[in-house]
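Every chain is numbered from 1, with letters handed out A, B, ... down the list of sequences.
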2 protein chains.
Amino acid sequence: MAKRHLSLKDLATELNISISTVSRALKNHPDISPEITRKVQDLALLRNYVPNPLAMGLLKQETKMIGVIVPDLVTHFYSSIIAGIEEYAKSQGYFILLASSYENLQKEIESVSNLLKARVDGMIVCVSKETNRFDHFLQLIENEIPLVFFDRVCLSELVPCVVVDNKEAVNQIISHFSQNGYKRIAFISGPSHLSISSSRIEGYLEGLKNNGLKFDPELLRSGNMGTEETIQIIEELLSLPNPPDAFFGINDMVIFTVMKELKKLRIKIPDEIGLVGFADEFHATFSSLELTTITHPTHEIGVKAAELFFIKKENPGYAETVVLQTQLVIRESSSRN
Amino acid sequence: MAKRHLSLKDLATELNISISTVSRALKNHPDISPEITRKVQDLALLRNYVPNPLAMGLLKQETKMIGVIVPDLVTHFYSSIIAGIEEYAKSQGYFILLASSYENLQKEIESVSNLLKARVDGMIVCVSKETNRFDHFLQLIENEIPLVFFDRVCLSELVPCVVVDNKEAVNQIISHFSQNGYKRIAFISGPSHLSISSSRIEGYLEGLKNNGLKFDPELLRSGNMGTEETIQIIEELLSLPNPPDAFFGINDMVIFTVMKELKKLRIKIPDEIGLVGFADEFHATFSSLELTTITHPTHEIGVKAAELFFIKKENPGYAETVVLQTQLVIRESSSRN
DNA sequence: TTCTTCACCGCAAAGCTTTGCAATAAGAGA
DNA sequence: TCTCTTATTGCAAAGCTTTGCGGTGAAGAA
């Protein structure tokens, strides 16, 4: 229902002057006499006038809203990035319109379309795990609608991206495992079309080489990050004639699943098998064994993504990829010295 | 920068007809001839025309946006509720504008003001832990802007609310503790002005009575839910001449803190002390000991809140309080039989 | 042949703000 | 007293959509 909001016209009528005079008075335009300016501003304050963003938007052709699409809304990783985006956006007078792809390509496409209908000024996106086509993003690019990717990225020649140094992170994991005497390191990766999968696999191969470990293709697995498939993979890995003595995963969830499975089998962590996660979910320190993991500067990722958004908005050609550093946080799950 | 979006005018010009004809043709108005209707619809589809929500909003005096304010964005409890709200809102063609109060009254007031500036059609709110004044909400009510509260509520004579049956939930906790032989049950509650605190305290007193347990005021504590203060309270409780043998808290976080502290002191859970949380955070099952807790139908809370919003929007006087049921999920932290 | 009646389509206003330009008035200079 | 500035203020258009109402032409009726 909601009563009509106060407009310039209301103020103008009350003061018996024209709308344009009110408009100018409110922004201290020199053309307007001091008394009128004062009277208008006083009344506006009293009545708590706020300009109508719809009218402004129509005029300026912008909504001051950024669409943000994430794979899910409920993990700390994304929530925290969103908080970062929101913070920076707010400082620029922008709002965020949030959408979740639920890790589903169709829903992602739908979200892009919905946000477009809402006339967001642009989007900041982390693609879903299923995203292997990019038409929906190319459409944005063609229409010169600012777009920024973070974490899971694509089209990086056209779009500014914020990522972490995945290769280096994995290198650190391998070195850490190696220093703790683990030799057969399994990597449960994600879908191969995802940037985070491929870059971490690179790091995996490099890290093995750097630490004088042999690459065994059987220990490198690509899953869909789902619990069921992950359990399947764990079972297969454990029943290998020469099973792994260490696991790390594309994210913490995968490794928590490993932890649960190993607990069921009464396999000792970190003595028999070492574990390292990826992302440092909020609850990593509450788990039965505190999890070694790669912390991400999530808040900073969000802020940076928002920053890039505003740069992109002013420079259509801009397409830098910003790489942020992670940190290996060593906890119980991998320390057996 | 973004190119200008396609408008009715563009279609009209291309077809050499008037804007109003295009507008009517798009909605199959009987006044428009079949051929023109077809031509217009074909072109609209081809060019991917979407109506401009700013213009519509200006005309209809509504933005189809709901402001949602939560204490934080990063706990699973709120994220999941938000997902529920978003789902229902989307089904009604509405978007969500998200804001966090960060558990801070000033930020909450600011958020209300910001959302108002953005001209949301109404708001769905869970108040911050500091919220003990309600002027900012009364202002909305006066202006007949639809408002719904959930979980932590207030002004329930004026505003529709969605809550859980806190009294019953706490009753269940007490009975469960009692059945497991715990006798001195401490409750670390939240700020006393919060609805969830007072209703759970009611349940606490009732539950004790129902189970023939004596109420000891020393075991009922109100904290600010912060880790530091919680630790302080735990220490005080444990150094009591007759310390508690069971804890439950206003939320899971508080109890996770207890769990950590007890672990440090090498106190055995659940043998020496039993623990029960509240809310069933995502990671309750990953903790060193799986946590007994009260699960909330979070998604349903969100959906219901959104439903009430749309009812309220059509019925200014509406102010029902919907009570949803929780469930006690018994896990390791409190089972010592 | 002339009037009536549909069938169709376009004009214009409303919703709100900004801003270029026109207009008015007063004051100053001649 | 008359013309020219200068200082203020208002008009109107643009941005986009919806919708009441008026308008046009053709076909049917008398």
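In this structure, Leu15(A) places its CG atom 15 Å from C1' of dG10(D), rounding to the nearest Å. Arg119(B) has its CZ atom 9 Å from the P atom of dC16(C), to the nearest Å. Rounding to whole angstrom units, CG of residue Asp10(B) and C1' of dA14(D) are separated by 14 Å. We find that CD1 of Ile19(A) is positioned 15 Å from C1' of dA14(D), with the value rounded to whole Å. As a whole-Å value, the separation of Lys39(B) NZ from dC8(C) P is 14 Å. With rounding to whole Å, Leu26(A) atom CG is found 15 Å from dC16(C) atom P. Distance CD (Glu35(B)) to C1' (dC8(C)): 10 Å, rounded to an integer number of Å. Between the CG atom of Leu8(A) and the P atom of dT9(D) there is a distance of 16 Å, given to the nearest Å.
Looking at Arg119(B) and Glu62(B), no side-chain N of the basic residue comes within less than 4.0 Å of a carboxylate O on the acidic one, giving no salt bridge.
Within the nucleic acid shown, Ser23(B) comes within 4.0 Å of at least one base atom, counting heavy atoms only. Residue Leu54(B) is out of contact with every strand shown, counting any heavy-atom pair closer than 4.0 Å.
Taking Glu307(A) as the reference, Lys304(A) meet the salt bridge (Lys or Arg N to Asp or Glu O under 4.0 Å) condition, with sequence neighbours excluded. Residues satisfying the salt bridge (Lys or Arg N to Asp or Glu O under 4.0 Å) test with Glu320(A), not counting sequence neighbours, are none. In this structure, Glu130(A) has no salt bridge (Lys or Arg N to Asp or Glu O under 4.0 Å) partners at least two apart in sequence or on a different chain.
Nearer the 5' end of DNA chain D, as judged by each residue's closest nucleotide, is the contact made by Leu59(A), out of Tyr49(B) and Leu59(A). Place Lys9(A) and Lys60(A) on DNA chain C by their nearest nucleotides, and Lys9(A) ends up nearer the 5' end.
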Would you sort out whether Ser80(A) and Thr298(A) count as a side chain to side chain donor-acceptor pair (under 3.5 Å), showing the intermediate values?
CA-CA 6 Å; Ser80(A) 172; Thr298(A) 47; 2.6 Å; yes

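Side-chain N/O atoms of Thr21(A) include none lying less than 4.0 angstrom from OP1 or OP2 on dT8(D). Phosphate proximity of dA14(C) to Gln61(B): absent, as no side-chain N or O sits under 4.0 Å from OP1 or OP2. The shortest distance between the side-chain N/O atoms of Ser18(B) and the OP1/OP2 oxygens of dG10(C) is below 4.0 Å.
With dT18(D), dT17(C), dT9(D) as the choices, the nucleotide that has an atom nearest any side-chain atom of Met56(B) turns out to be dT18(D).
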Produce the list of close N/O pairs, under 3.5 Å, pairing protein atoms with atoms of nucleotides 20-24 of chain C; give distances to one decimal.
{"residue": "dG20(C)", "atom": "N7", "partner": "Arg24(A)", "partner atom": "NH2", "Å": "3.2"}
{"residue": "dG20(C)", "atom": "O6", "partner": "Arg24(A)", "partner atom": "NH2", "Å": "2.5"}

Considering only distance and modelled atom types, tabulate donor-acceptor pairs under 3.5 Å from the side chains of residues 48-60 of chain A, sequence neighbours left out.
{"residue": "Asn52(A)", "atom": "OD1", "partner": "Leu54(A)", "partner atom": "N", "Å": "2.7"}
{"residue": "Asn52(A)", "atom": "OD1", "partner": "Ala55(A)", "partner atom": "N", "Å": "3.4"}

Quiz: residues 83-96 of chain A side-chain donor-acceptor pairs under 3.5 angstrom, not counting sequence neighbours:
{"residue": "Glu87(A)", "atom": "OE1", "partner": "His299(A)", "partner atom": "NE2", "Å": "2.9"}
{"residue": "Ser91(A)", "atom": "OG", "partner": "Tyr88(A)", "partner atom": "O", "Å": "2.6"}
{"residue": "Tyr94(A)", "atom": "OH", "partner": "Lys313(A)", "partner atom": "NZ", "Å": "3.3"}

